[in-house]
Amino acid sequence: MLVSDPVSDLRGAVGEAAAGLRGDGPLDAARLDRPPRPDFGDYSTNAAMLLAPTMGEAPRAIAERLGETLAERLGAAVDRVEIAGPGFLNLFMTDAWYLDSLARMREAGERFGSGEGGKRVQVEFVSANPTGPITVASARHAAYGDSLARMLELAGDTVEREYYVNDAGTQARKFGESIRARARGEEPEEYKGDYVTGLAERIEGAADGDPDELAKRGIELMLEEIERTLQRFRVHMDRFFSERSLYESGAVERALDTIEGVYESEGALWLRTTAAGDDKDRVLRRSTGELAYFAPDIAYHADKLGRGYDRLINVLGPDHHGYVKRLYAAWAALGGDPGAYEIVLMQLVNLFEGGKRAQMSKREGAIVTLDALVDDIGVDAARWYLASRSHDTSIDLDLELARSQSQDNPVYYVQYAHARIASILRKAGEERVAAALATDLRQSDERFHPSARSLVKRLLEFPAEVTEAAERRAPHRMTTYAHEAAQEFSAFYRDCRVVGAAEEGGDEDVRLVICVLAKDVLARSLDLLGVEAPESM
RNA sequence: GCGCCCGUAGCUCAGUGGAUAGAGCGCUGCCCUCCGGAGGCAGAAGUCGCAGGUUCGAAUCCUGCCGGGCGCGCCA
């Protein structure tokens, strides 16, 4: 059963009242906003301004009638309505509405903010070449993809996290050759990192090994390390999908036989990707007989299609930009639903070290790894920082700065607020808190301080915020939300005494419940980001 | 040349049609008889790249231009 929340109910009431006024269907575009200033009320709507063109009346006149309808409809929930500016309708809610909202949040418990999406979603992310350790760029993908997955899970979807392993082809072979070179004490041509030497030492007989075999073994070892690193970063992959396995099972050849739009020209095999908007058709098998890099991807997507997901999200780096259209084309040519497959392009993480750009190429060997970053600033700060920006903007991260400022990172502020609430609840005592949670809040005569209203409104936004962040593939919104919630808790803490509230005429039960709910929302927000919510710091 | 992304405070960035554009860091000045000072309050700081257009209303949508990034192979 879907749990309704007070804000969406309010939004619904506004929409219906507006529709009734127009005598037409619901007004979907009507907004219910938190106004920029307290004297504009608790909530405001632009419905009257939207109705004005079709109704042929002045917005303020419509707002007048809308206000009357709403006041009647909402009864004791609304204290008064005001018309302002070009036709905004500002709603001033009563303490009773706040008490009822708190009670409903408490009753909803864990269901507050959760949805019943029910879709099977696959998120492919990271998928970094297994020829070296996870870098900071991949760490951003990891933070993004995992947080997105967590949000979809909260929305009620079943999510599978998958890592596509490029363990075949030229790069793999060169990796094998590099391992052998190190084993022989030579300088490799390709992968020059120290870790290659380490691998060479761990693989028996590497000095005389076959490069393909060495690559296979080296990739196995690298993947173990990658998985460990991801676990440490609180990212758990449900599946590592091997590109090599697609060759070995014959899936690549089968895919080329079955996909639509294949033709031969100039001795090569092509896929008509222009049919789906690509700039030019793409080669599947070169005239030399070799399969192109693109070919196994066809097979991989065929495999995904066969698994029957409702939706696939593929998180790629900006270097795959020119690859997007052909992947969409391949998906369509395989018979996939174009609306079910989605590619998200992440922008870069530019690393600076003391103002100088750090090198990230695995082949160059100078790598800033995810492990090194975590050693430096910790998992919490790293996940927060890498998730805190929109995926389509690049991040300039000066390691020296991140290191020196780690104590000022906003993540600590949010965690501090959580720990502080925990401390207040400890001070109140378990029994006291349990008693507060058991009271009928609706009977309270608590008069809400503006800071308390502001905080409660923020908590009530949680469901909408999670939905929005998930639907727009924008987990970074959660960092903004969590920080705002923490700030508003701090204001509430400053203005409203919790333990001993009666001394200032307040209701301790109500304030304890606010604390419990605020703590829960902060913890869940942090969890969506893969950040811990400590009881004390 | 073509395509995509970005351009918002000194710096890093939020803000995909609403009211006086925000946060963190940095800067200036205050606040610990008070449930956690890893805190709070106040202040300085902006032609939202530029120019048009759509709209009652534009940082947001459209067009053009300028600046930056990335991508455009029978490479992987």
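Just so we're on the same page: letters track the sequence lines, and every chain starts at 1.
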Pairing partner (Watson-Crick or G-U wobble, both distances under 3.5 angstrom) of [N]:
| N | answer |
| --- | --- |
| B/A42 | B/U28 |
| B/C61 | B/G53 |
| B/U12 | B/A23 |
| B/G67 | B/C6 |
| B/U33 | none |
| B/C48 | none |

Using the [atom1] atoms only, state how far [M] lies from [N], rounded to an integer number of Å.
| N | M | atom1 | result |
| --- | --- | --- | --- |
| B/C62 | B/G1 | P | 23 Å |
| B/G49 | B/C5 | C1' | 16 Å |
| B/G46 | B/A9 | C1' | 6 Å |
| B/C4 | B/C65 | P | 13 Å |
| B/C13 | B/U63 | C1' | 28 Å |
| B/C34 | B/U60 | C1' | 44 Å |
| B/C61 | B/G18 | P | 11 Å |
| B/G17 | B/G57 | C1' | 8 Å |

Residue A/Leu50, side-chain heavy atoms: nucleotide from B/G18, B/A19, B/A76 that is nearest: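 Output: B/G18.
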
Pair A/Arg511 + A/Glu446: basic N to acidic O under 4.0 Å: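 A/Glu446 and A/Arg511: salt-bridged.
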
A/Arg458 and A/Glu461 ion-paired at < 4.0 Å: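 Yes, charged N to carboxylate O under 4.0 Å.
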
Touch class at under 4.0 angstrom, heavy-atom based, for A/Pro86 against every strand present: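 Since a base atom lies under 4.0 Å of A/Pro86, the category is base.
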
Sugar-phosphate only, base, or nothing, as touched by A/Ala84 at under 4.0 Å among non-hydrogen atoms: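 Contact class for A/Ala84: base.
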
Gap between atoms [atom1] and [atom2], on [X] and [N] respectively (whole Å):
| X | N | atom1 | atom2 | answer |
| --- | --- | --- | --- | --- |
| A/Trp384 | B/A23 | CH2 | P | 16 Å |
| A/Lys174 | B/C75 | NZ | P | 12 Å |
| A/Glu266 | B/G73 | CD | P | 15 Å |
| A/His483 | B/G24 | NE2 | P | 6 Å |
| A/Leu284 | B/G73 | CG | P | 16 Å |
| A/Glu290 | B/G73 | CD | P | 18 Å |
| A/Tyr328 | B/C4 | OH | P | 14 Å |
| A/Phe294 | B/C72 | CZ | P | 14 Å |

Over 12 foreign heavy atoms within 6.0 Å of CD, A/Glu504: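 More than 12 within 6.0 Å, yes.
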
A/Arg447 atom CZ, over 12 foreign heavy atoms within 6.0 Å: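 No, because the 6.0 Å sphere around CZ of A/Arg447 holds 12 heavy atoms or fewer from other groups.
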
Base B/G18 to side chain A/Asn46, donor-acceptor N/O within 3.5 Å cut-off: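 Checked by distance alone, the answer is yes.
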
Base of B/C74 paired with side chain of A/Thr288 (donor-acceptor, under 3.5 Å):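 When only heavy-atom distances are counted, A/Thr288 does not reach the base of B/C74 through any donor-acceptor pair under 3.5 Å.
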
Which residues share a side-chain hydrogen bond (donor to acceptor under 3.5 Å, both in side chains) with A/His391, sequence neighbours left out: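 With sequence neighbours excluded, A/His391 shows a side-chain hydrogen bond (donor to acceptor under 3.5 Å, both in side chains) to no residue whatsoever.
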
Results of side-chain hydrogen bond (donor to acceptor under 3.5 Å, both in side chains) for A/Lys216 - residues two or more places apart only: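 By the side-chain hydrogen bond (donor to acceptor under 3.5 Å, both in side chains) rule, A/Lys216 matches no residue at all.
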
Just by distance, with hydrogens left out, do [X] and [Y] show a side-chain donor and acceptor under 3.5 Å apart?
| X | Y | answer |
| --- | --- | --- |
| A/Asn129 | A/Gln171 | no |
| A/Ser178 | A/Glu190 | no |
| A/Thr170 | A/Tyr293 | no |
| A/Glu243 | A/Asn166 | yes |

Ring centre gap for A/Tyr413 and A/Tyr416 strictly below 6.0 Å: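 Here the rings of A/Tyr416 and A/Tyr413 have centres that are no less than 6.0 Å from each other.
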
Ring geometry between A/Tyr323 and A/His320 (parallel below 30°, tilted from 30 to 60°, perpendicular above 60°):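 The arrangement is perpendicular - the two ring planes meet at more than 60°.
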
Residues which pass side chain to side chain contact (heavy atoms under 4.5 Å, CB included) with A/Thr273, listed by chain and number, not counting sequence neighbours: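 Partners of A/Thr273 by the side chain to side chain contact (heavy atoms under 4.5 Å, CB included) criterion, ordered by chain and then number, come out as A/Leu271, A/Asp278, A/Asp281, A/Arg282, A/Phe294, A/Arg326, A/Ala329.
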
Syn-anti status, with the boundary at 90° from 0, for the nucleotide B/C48: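 Glycosidic conformation of B/C48: anti.
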
B/A19 OP1/OP2 closer than 4.0 Å to side-chain N/O of A/Arg34: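 No, outside the criterion.
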
Residue-phosphate contact under 4.0 Å: A/Arg326 side-chain N/O, B/C72 OP1/OP2: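 No, no such contact exists.
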
A/Leu89 or A/His320, whichever maps to the more 5' nucleotide of RNA chain B: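 Counting from the 5' end, the first nearest nucleotide belongs to A/Leu89.
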
Closest-nucleotide ordering on RNA chain B, the 5'-leading residue of A/Glu484 and A/Tyr323: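 Its nearest nucleotide lies further toward 5', so the answer is A/Glu484.
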
Under 4.0 Å protein heavy-atom contact, by nucleotide of nucleotides 10-15 of chain B - B base, S sugar-phosphate only: --SSSS

Contact pattern, 5' to 3', of nucleotides 31-40 of chain B - B, S or - by protein heavy atom under 4.0 Å: ---SBBSBSS

Non-hydrogen atoms of A/Ala417 and A/Leu522 that approach each other most closely: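 So the two residues come closest at CB-CD1, 4.0 Å.
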
Closest approach of A/Ile179 to A/Gly218 (non-hydrogen atoms, all atoms of both residues):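 Here A/Ile179 and A/Gly218 meet closest at CD1-CA, 3.9 Å.
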
Sub-4.0 Å heavy-atom contacts from residues 268-281 of chain A onto RNA chain B, ordered by number: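 Correct list: A/Ala268, A/Trp270, A/Lys280.
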
